[in-house]
Amino acid sequence: MTRSGNEAIEQAASIAETTGSRNLPAWGDLPLPADTANLREGADLHPGLLALLPMVGVWRGSGVGHGLGDDGDDLTYAEQIIVSHDGQNFLNWQTRSWTVDNRGEFIAPLFRETGYWRISEDDSIELLVAHAEGSIELFYGKPLSQTAWEVATDALVSSASAPKLHGAKRLYGLAEDGAFAYVEERLVDGELAPRLSARLDRYAG
């Protein structure tokens with residue numbers, strides 16, 4: 001997932017010919033800056049977030065849930081990830097996913113997350129994620145390069161009705177073609193095992 005900053009900028013400029021005119025819908029009736037997933041519009045990105053800048057956008061694509069299907073089979077899902085900001089020193093994180101058949105047709109809703117990314121002056125990343133199923137996770141990590149970031153769980157809290165989750169590690173990055181890709185591994189019997197992997201194309205921003 002790693003590549004030079006110049007290559008990333010050139011690839012982003014090419015993709016932006018299609019996606020640069022799209023952004024999040026705005027109501028325009030709040031006395032606050034609107035969230036924006038397009039760096040060309042809205043509030044300026046806080047300078048403390050420059051190491052996370054390539055994430056900002058709306059991303060759509062598909063992934064695989066390893067061993068999460070019926071009888072322990074893999075399942076295929078589609079996903080939208082929105083990474084936006086309002087000029088403050090954090091990124092908004094929203095994901096929605098749904099299972100699909102072998103033709104890519106919708107079957108049923110799957111996972112949903114909301115959360116925030118922060119990064120400190122020493123490049124320590126904080127990712128706080130709330131799962132619709134009833135769990136909250138706090139991840140910490142570091143950038144691996146200008147276009148790759150790795151985080152691992154430091155704390156996990158689940159409600160009484162939530163499915164049991166164990167510690168996890170996530171790797172996010174931009175692929176050679178500009179896609180946003182990630183891999184999530186979770187602890188199984190004390191060892192990290194692949195759980196989710198996906199590749200999403202930029203839709204807006």
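Computed from a predicted structure; not experimentally measured. The analysis underlying the following values was restricted to heavy atoms, covering all of them including side chains, and did not include hydrogens, waters or symmetry mates.
- A pairwise comparison of heavy atoms in Ala168 and Glu184 identifies CB-CG, 4.4 Å as the closest pair.
- Using a 4.5 Å cut-off on side-chain heavy atoms (C-beta onward), Val188 and His166 make no contact.
- If you take CD on Glu113 and CD on Glu133, they are separated by 8.0 Å, rounding to the nearest 0.5 Å.
- For the residue pair Tyr116 and Arg118, no side-chain donor N or O sits within less than 3.5 Å of a side-chain acceptor on the partner.
- Looking only at side-chain heavy atoms (C-beta outward), Asn38 and Arg22 stay at 4.5 Å or farther from each other.
- Using modelled atom types, one side-chain atom of Thr36 and one backbone atom of Glu41 make a donor-acceptor pair closer than 3.5 Å.
- The minimum heavy-atom distance between Phe111 and Leu196, with the atom names listed, is CE1-CD2, 3.8 Å.
- Expressed to the nearest 0.5 Å, how far CZ of Phe139 lies from CH2 of Trp149 amounts to 16.0 Å.
- The side chain to side chain contact (heavy atoms under 4.5 Å, CB included) test with Leu127 is passed by exactly one of Ile119, Val151, Leu91, Leu138: Val151.
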Please determine whether side chain to side chain contact (heavy atoms under 4.5 Å, CB included) holds for the pair Val100 and Glu105, giving the CA-CA distance in whole Å, both sets of side-chain angles, and the decisive distance to 0.1 Å.
CA-CA 5 Å; Val100 295; Glu105 298 295 327; 6.0 Å; no

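- Relative ring orientation between Trp93 and Phe180 is described as perpendicular, the plane-to-plane angle rising above 60° on a 0-90° scale split at 30° and 60°.
- With rounding to the nearest 0.5 Å, the separation of OG1 in Thr76 from CG in Asn102 is 8.5 Å.
- Side-chain rings of Tyr172 and Trp117 approach one another, their centers coming within less than 6.0 Å.
- The distance from atom CZ of Arg60 to atom CG of Asp201, rounded to the nearest 0.5 Å, is 11.5 Å.
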